[in-house]
Amino acid sequence: MKVIVCGAGQVGSNIARQLARENNDVTLIDRSEELVRKFSDELDVRAMVGHASHPEVLERAGAYDADMLIAVTYSDEVNMVACQIAHSIFDVPKKVARIRAQEYLNPLWAHLFGRENLPIDVIISPEIEVAKAIQRRLKVPGAIDTVSFADGLVQVIGVRLDESCPIVNTPLRQLTELFPNLNIIVVAIYRDEKMIVPSSDDQMFPGDEVYFAADSNHVARAMPLFGHEEQEARSVVIIGGGNIGLHLAQYIEKNMRHLSLKLIEHNLTRAENVMENLQRTVVLHGSGLDPDLLQEANVGRAETVIALTNDDQVNILSSLLAKGQGCETAIALINNPVFGSLVTSLGIDVVVDPRATTVSEILRHIRRGRIRGLHSFRDGEAEVVEGEALETSLLVGKPLREIKLPAGTIIGAVIRGDKVEIPRGDSVINPDDRVVILGLRDSIHKVEEMFSVSLEFF
């Protein structure tokens, strides 16, 4: 596939890196000569300097025979115009644009992005996607990551294990024997900076990050097995009233009415605007680094603090201050991946990476075949994909024990109608079943082909 990526920031470079690994023909455009030189050396892509919305630049990038354009520059307007030029002049089949300004996303103006106006096939809003990711974590206390598939029937949960976990040092095959009525399966373990798909003989150890697929109705029963019995929050403090903080607060007001919510915003004008858009949230003006203000917000009695400012260091420090005052759980938005790998050792419980969230959403629209859902874990170390099983698929029609899955893949769930089956050896997949599969980085293209017309790649 030939793809043009406009914008070499964290999202653009990560998408380009991932697509290049899979042997796609990728051209990366950015106005920064420094970034272009950097990624020309680091990535197996063609990188060029230029303005992403200029027709001449897109022509040099090969737009006439491109299969897709992904516009993720820092300017919404550049992204929109790039998609318009790609459509009107070069007839690029698929256009994806990142749109940050919420004014463009008002449902009143939804017709703006039709083919007769601004022909953008997929709009990605990082702020909305990140707010959704945090909402999912709030509903599963103790999880470091949680993603829903099959219209919420299946969840893939990430948890960090410690010595209190009752099933550490236990072969995975024994979990089925010990808990036969529990609809879960461990699909991946992150250990020593490496993601593995475990076999039935593997064990889990303290310090592991474990990912398991579960029938959503069984998640609450499963979490204590992994050493997590945290209660759902009754009191939450949000630090940062930007688009993410506001979206999250609005969701909590609407869907988690039992929850007491306070929001801290350092900009007075923005704080007043946030207050006008919320009904029962207490909005405080000031800095999340002010211990007195945190005390006024009663953060010591809150189960969860969520730091969502635009400054990673403020998010880290305010989270640690809140934990120091007695807050049980700290969730911090971290943009810089260097910080992300360090802060959990400082005592921050959950790191939210907006880059990873946005990349996952973009990849969902890139993958070929009948892909209905996708999430990328650990900077592309693994992907979980939900797809529809085709009649021609070798997955269909015989017991799973007779099917040789590609190395580095594992089936996490099979959904038929509204019924969820965690696969066992005698499970049989039927045409049109939805299947949730995890694949490690090197096997992603094989997972993709499982949901395409032909599966002769085995």
*Between Lys323 and Glu328, is there a donor-acceptor pair closer than 3.5 Å when you use the side chain of the first and the backbone of the second?*
yes

*asked:* Checking the side chain of Glu253 only, and the main-chain atoms of Gln279 only, is there a donor and an acceptor separated by less than 3.5 Å?
replied: yes

*When you measure from the side chain of Asn79 to the backbone N and O of Arg98, does any donor-acceptor pair fall under 3.5 Å?*
yes

*asked:* Quick check: do Ile362 and Val11 have side-chain heavy atoms less than 4.5 Å from each other?
replied: yes

*Residue pair Leu261 / Arg280, side-chain heavy-atom distance below 4.5 Å*: no

*Which is it for Phe377 and Val147 under the side chain to side chain contact (heavy atoms under 4.5 Å, CB included) test, yes or no, and what are the steps along the way?*
CA-CA 10 Å; Phe377 291 106; Val147 193; 4.0 Å; yes

_Among Leu259, Leu138, Ile238, which residue satisfies the side chain to side chain contact (heavy atoms under 4.5 Å, CB included) criterion with Thr304?_
Leu138

*His247 and Ile244: side chain to side chain contact (heavy atoms under 4.5 Å, CB included), yes or no, with the steps?*
CA-CA 5 Å; His247 273 295; Ile244 298 173; 5.9 Å; no

_So which atom in Val274 and which in Gly241 form the shortest heavy-atom distance, rounded to 0.1 Å?_
CG2-O, 3.3 Å

_Could you tell me if the side chain of Met256 sits less than 4.5 Å from the side chain of Val236, heavy atoms only?_
no

*Below 4.5 Å, heavy atoms only, C-beta onward: do Ser318 and Leu289 meet side chain to side chain?*
yes

*Nearest non-hydrogen partners of Ser40 and Ala47, listed with the distance*: OG-CB, 3.2 Å

*Taking the side chain from Thr357 and the backbone from Glu129, do they hold a donor-acceptor pair closer than 3.5 Å?*
no

*Above 12 or not: heavy atoms from other molecules or residues under 6.0 Å from CD of Gln313?*
no

*Decide if atom CG of Asn267 counts as having more than 12 heavy atoms of other residues, nucleotides or ligands within a radius under 6.0 Å.*
yes

*Spell out, as yes or no, whether a donor-acceptor pair under 3.5 Å connects the side chain of Asp312 to the backbone of Asn335.*
yes

*Considering all heavy atoms of both residues, which atom of Ala322 and which atom of Val305 are nearest to each other, and what is their separation?*
CB-CG1, 3.6 Å

*Val186 and Ile410: CA distance, side-chain angles, deciding distance, side chain to side chain contact (heavy atoms under 4.5 Å, CB included) verdict*: CA-CA 9 Å; Val186 173; Ile410 185 171; over 6 Å; no

*asked:* Are the side chains of Ser376 and Gln18 in contact, using a 4.5 Å heavy-atom criterion?
replied: yes

*More than 12 non-hydrogen atoms from neighbouring residues, nucleotides or ligands closer than 6.0 Å to CZ on Arg234, yes or no?*
no

*How many angstroms lie between atom NZ of Lys38 and atom CG of Leu28, to the nearest 0.5 angstrom?*
11.5 Å

*May I have the step-by-step check of salt bridge (charged side-chain N to carboxylate O under 4.0 Å, His left out) for Lys2 and Asp67, ending in yes or no?*
CA-CA 5 Å; Lys2 186 169 184 177; Asp67 300 296; over 6 Å; no

*Would you indicate whether Arg136, at its atom CZ, is surrounded by more than 12 heavy atoms from other residues, nucleotides or ligands within a distance under 6.0 Å?*
yes

_Whether Arg434 side chain and Ile415 backbone form a donor-acceptor pair below 3.5 Å_ = no

_If I compare all heavy atoms of Ile306 with all of Leu248, which pair ends up nearest, and what's the gap?_
CD1-CD2, 3.8 Å

*Short question: side chain of Asn315, backbone of Ala332 - any donor-acceptor pair under 3.5 Å?*
no

_For His266, I'd like to know if atom NE2 has over 12 heavy atoms of other residues, nucleotides or ligands within 6.0 Å._
no

*Consider only side-chain N and O atoms of Glu56 and His54, and report whether a donor and an acceptor are under 3.5 Å apart.*
no

*Gln84 versus Met80: any side-chain heavy-atom pair under 4.5 Å?*
no

*Decide if atom CG of Asn310 counts as having more than 12 heavy atoms of other residues, nucleotides or ligands within a radius under 6.0 Å.*
no

*Could you tell me whether a side-chain N or O of Thr73 sits under 3.5 Å from a main-chain N or O of Gly7, the two making a donor and an acceptor?*
no

*Do Leu363 and Ile15 have side chains that get closer than 4.5 Å, going by heavy atoms?*
yes

*What is the minimum heavy-atom distance between Ile429 and Arg416, and which atoms define it?*
CA-NH2, 4.2 Å

*Taking all non-hydrogen atoms of both residues into account, name the closest pair between Ile144 and Val350 and its distance.*
O-CG1, 3.8 Å

*Would you say the ring centroid of Phe226 lies under 6.0 angstrom from that of Phe212?*
yes

*Go through the steps for Gln231 and Glu303 under the test side chain to side chain contact (heavy atoms under 4.5 Å, CB included), then give the verdict.*
CA-CA 9 Å; Gln231 298 300 307; Glu303 283 87 4; over 6 Å; no

*Is the backbone of Gly439 close enough, under 3.5 Å, to the side chain of Ser443 for a donor and an acceptor to pair up by distance?*
no

*asked:* As a quick check of understanding, evaluate salt bridge (charged side-chain N to carboxylate O under 4.0 Å, His left out) for Asp76 and Arg100, giving each step before the final call.
replied: CA-CA 6 Å; Asp76 291 350; Arg100 291 182 177 277; 5.5 Å; no

*Counting only N and O atoms by type, is there a donor-acceptor contact under 3.5 Å from the side chain of Glu386 to the main-chain atoms of Val436?*
no

